[in-house]
Protein chains: 2
Amino acid sequence: MKRVTIGDVAAHAGVSTATVSRVLNDGLVAESTAAKVWAAAEFLGYSPNALTRSIFAGRSSTIGVVIRDLSSPFYLDLIRGIDEVAAASDSPVMLASTYRRAEREAAQVRAMDQHRVRGLVMTADETADSHARQMAENGTPCVIVARTVPGLHSVSLDDAAAGRLMAAHLADCGRARVGIVSGSHRPTQVKRVDGLRQGLSERDLPQPEEVLVGNENEVDGAVGSLLQRNDAIVCTTGRLTVAVHAALTARGLRMPDDIGFLTMDDFAWAGTLGISVVAQPSYEMGRRAAELVVEEPSAPARIVFQPTLIARGSC
Amino acid sequence: MKRVTIGDVAAHAGVSTATVSRVLNDGLVAESTAAKVWAAAEFLGYSPNALTRSIFAGRSSTIGVVIRDLSSPFYLDLIRGIDEVAAASDSPVMLASTYRRAEREAAQVRAMDQHRVRGLVMTADETADSHARQMAENGTPCVIVARTVPGLHSVSLDDAAAGRLMAAHLADCGRARVGIVSGSHRPTQVKRVDGLRQGLSERDLPQPEEVLVGNENEVDGAVGSLLQRNDAIVCTTGRLTVAVHAALTARGLRMPDDIGFLTMDDFAWAGTLGISVVAQPSYEMGRRAAELVVEEPSAPARIVFQPTLIARGSC
DNA sequence: GTGAAAGCGCTAACAA
DNA sequence: TTGTTAGCGCTTTCAC
């Protein structure tokens with residue numbers, strides 16, 4: 001299936017390929033020639049090959065996005081933010097989701113590099129760091145979300161502040177014993193829990209009890225065990241909110257009367273359900289990340305966003 | 001910022017570029033030569049340029065996806081399905097969201113064409129049809145979701161069946177007067193409403209009252225007006241579920257006692273909230289759409305999926 | 001088994 | 001204002 005090339009257009013218009021190229025790129029051409037070229041292009045259904053074009057630029061105009069998990073509302077809003085900025089600068093977005101499989105992450109980052117993306121926004125584990133760093137050295141701006149890596153830009157939340165915000169709210173609600181469901185031992189989670197611990201001890205409240213949960217199936221057991229000794233359940237990752245909430249309601253517990261509940265990341269139904277959250281400005285974070293790609297600051301930028309408490313009465 | 005090319009690797013390994021190319025593409029090379037080449041590539045940090053490579057193939061390995069709305073759970077699951085199949089065939093996914101602005105849709109489709117995507121999965125209005133059809137004529141498999149277009153593949157829901165499923169459930173629940181909140185006059189919506197009408201009249205129930213709603217801000221007014229004469233509210237688009245549900249609860253109405261509620265598209269919190277839905281197999285639809293791109297059937301395929309009723313007691 | 005050379009579709013000097 | 005001529009980084013004949 002041979003496609004129409006610049007050569008076909010040139011032949012049809014009776015000019016050289018260079019002239020066609022100029023017309024396409026707003027070069028200096030006589031109006032009459034330009035008209036002929038446009039007519040020929042139109043007639044032949046010419047569609048310029050963006051791939052070939054980017055060979056000359058050395059890289060494509062595409063912004064790469066490697067996301068850990070497409071099903072989480074946080075990442076969704078992040079992508080919306082990225083997409084908004086990308087669209088404004090006429091950059092397509094190449095998206096890859098790793099679905100939390102570490103082997104995939106490095107491969108995805110490498111694929112982005114091979115596609116010579118203009119820049120990369122990623123949320124991935126350490127596995128992919130070396131690749132990303134090499135990309136950065138080759139002049140591809142890389143932004144890592146929710147973590148910091150030496151030499152790369154980063155956009156993240158002040159996770160310790162999120163933890164302290166949680167502690168403050170728990171204290172305000174008169175909660176004494178706090179049970180934490182956390183999702184991993186990644187830095188994000190650890191800092192949130194640390195902030196929470198610190199906030200509680202500053203208020204002379206007892207230290208919380210933490211249960212680390214691998215996947216959603218383990219949530220119910222974890223919640224069951226935490227409920228034995230605590231009057232509030234805190235979830236440090238938005239990904240597990242549904243499961244934790246379900247574990248609570250399945251036991252017939254009402255919030256805030258029977259149990260206090262506080263979780264991370266705002267979502268569409270939180271208002272309806274009256275669930276209090278500590279929210280990340282995920283859309284803004286996405287915008288900022290994409291802006292770093294577009295603006296290419298020379299020194300690695302570390303952008304830290306502040307969390308917000310949205311109290312809805314579940315605690 | 002000059003990047004390492006195949007020529008650099010060749011020079012470093014003391015062979016020709018042709019040989020390096022062969023090594024990279026599993027061509028026939030002596031083992032000792034291959035080893036030298038790999039070593040040189042490794043040493044120089046060589047990363048093959050996927051852009052240049054696809055010039056020869058005539059197109060890239062990327063699968064393009066143009067989505068109307070990234071915030072809807074339906075599209076999200078659809079993307080997950082596409083992504084899964086794409087990853088299995090080593091194709092990156094290029095994503096563009098149009099955020100419901102028609103001007104963007106045609107532009108996005110054109111951009112996909114210019115990037116010579118291997119195939120395109122899209123949900124867009126008629127504006128983009130002519131472009132997509134031209135792409136299909138040029139040998140790019142195009143799959144349209146939730147609509148049919150002559151000459152293109154399509155993956156859609158049996159919308160009339162969804163409407164009839166709703167009618168059947170409403171009848172089972174003893175609902176007599178049905179108020180419909182619909183989101184647009186696109187074929188999808190129209191067919192659902194028609195199916196619902198048909199199902200109701202088959203059961204000798206009065207015809208429903210429909211209010212078309214432009215955006216979420218109009219939902220509350222629409223619901224208010226429908227509540228005057230109806231004992232069940234049906235929402236024919238998942239996009240408005242949150243808003244309709246909020247309008248109901250804001251009036252202190254409990255489901256199913258005070259009002260029956262039934263909506264489209266399953267979502268994570270529906271179980272918790274006890275909301276009955278007519279679900280689309282969105283993930284499967286995404287998979288199937290991507291498979292059509294990968295398999296490139298010669299004749300336009302029309303895949304129609306069947307909806308499922310998930311009764312949770314809200315009706 | 002390997003290299004030289006032509007060419008993919010396009011851009012960017014340099015002349016004319 | 002336009003055409004000629006090199007390339008961009010890679011693949012692919014076609015000889016050796």
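This is a predicted model, so every value here is computed, not measured. In what follows, chains carry the letters A, B, and so on, assigned in the order in which the sequence lines appear, proteins first and then strands, with residues in each chain numbered from 1.
- The B:Val15 side chain lies nearest to C:dG3 when the options are C:dG3, C:dC8, C:dC10.
- Counting heavy atoms from C-beta outward, A:Asp129 and A:Glu126 have side chains that approach closer than 4.5 Å.
- In terms of position on DNA chain D, the residue among A:Thr33 and B:Ile6 whose nearest nucleotide sits closer to the 5' end is A:Thr33.
- For the residue pair A:Ser47 / B:Arg116, a side-chain donor-acceptor distance below 3.5 Å is found, with atom types taken as modelled.
- Considering only residues two or more places apart in sequence or on other chains, B:Thr123 meets the side chain to side chain contact (heavy atoms under 4.5 Å, CB included) condition with B:Ile67, B:Arg68, B:Tyr75, B:Val145.
- Under the side-chain hydrogen bond (donor to acceptor under 3.5 Å, both in side chains) criterion, B:Asn215 pairs with B:Asn217, not counting sequence neighbours.
- Side-chain atoms of B:His131 do not come within 3.5 Å of backbone N or O of B:Arg110 as any donor-acceptor pair.
- If you find the closest nucleotide of DNA chain C to B:Thr52 and to A:Val20, the one lying nearer the 5' end belongs to B:Thr52.
- Distance B:Arg116 CZ to C:dG9 C1': 9 Å, rounded to the nearest Å.
- For C:dG1, the OP1/OP2 oxygens have no side-chain nitrogen or oxygen of B:Lys36 closer than 4.0 Å.
- In this structure, CZ of B:Arg59 is placed 12 Å from P of C:dG9, rounded to the nearest angstrom.
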In a table with atom names and distances, give each donor-acceptor pair under 3.5 Å that connects a side chain of residues 9-27 of chain B to protein atoms at least two apart or in another chain.
| residue | atom | partner | partner atom | Å |
| --- | --- | --- | --- | --- |
| B:Ser16 | OG | B:Ala18 | N | 3.4 |
| B:Ser16 | OG | B:Thr19 | N | 3.4 |
| B:Ser16 | OG | B:Thr19 | OG1 | 3.3 |
| B:Ser21 | OG | B:Asn25 | ND2 | 3.3 |
| B:Asn25 | OD1 | B:Arg53 | NH2 | 3.2 |
| B:Asn25 | ND2 | B:Ser21 | O | 2.7 |

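- Ion pair A:Glu84/B:Arg101 flagged as a salt bridge, since at least one NZ, NE, NH1 or NH2 atom sits closer than 4.0 Å to an Asp/Glu carboxylate oxygen.
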Identify each atom pair where a protein N or O and an N or O of nucleotides 4-7 of chain C are less than 3.5 Å apart, giving names and distance.
none

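- With B:Ser154 contributing its side chain and B:Ile144 its backbone, the two residues share no donor-acceptor pair below 3.5 Å.
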*Could you walk me through whether A:Met135 and A:Val117 pass the side chain to side chain contact (heavy atoms under 4.5 Å, CB included) test, one step at a time?*
CA-CA 10 Å; A:Met135 284 179 73; A:Val117 290; 4.0 Å; yes
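- Taking the 5' to 3' direction, DNA chain D first and last meets chain A under 4.0 angstrom from a heavy atom at D:dT1 to D:dC8.
- The separation between A:Leu28 atom CG and C:dA12 atom P is 13 Å, rounded to whole Å.
- Contact check, B:Thr19 against C:dG1: no side-chain N or O comes under 4.0 Å of OP1 or OP2.
- Rounded to an integer number of Å, the gap from B:Gln114 CD to C:dG9 C1' is 14 Å.
- The backbone N or O of B:Thr5 lies less than 3.5 Å from a partner atom in the side chain of B:Asp8, making a donor-acceptor pair.
- Using a 4.0 Å cut-off on heavy atoms, none of the residues of residues 37-46 of chain B approach DNA chain C.
- Checking B:Asn49 against A:Gln114 by side-chain atom types alone, no donor-acceptor pair falls below 3.5 Å.
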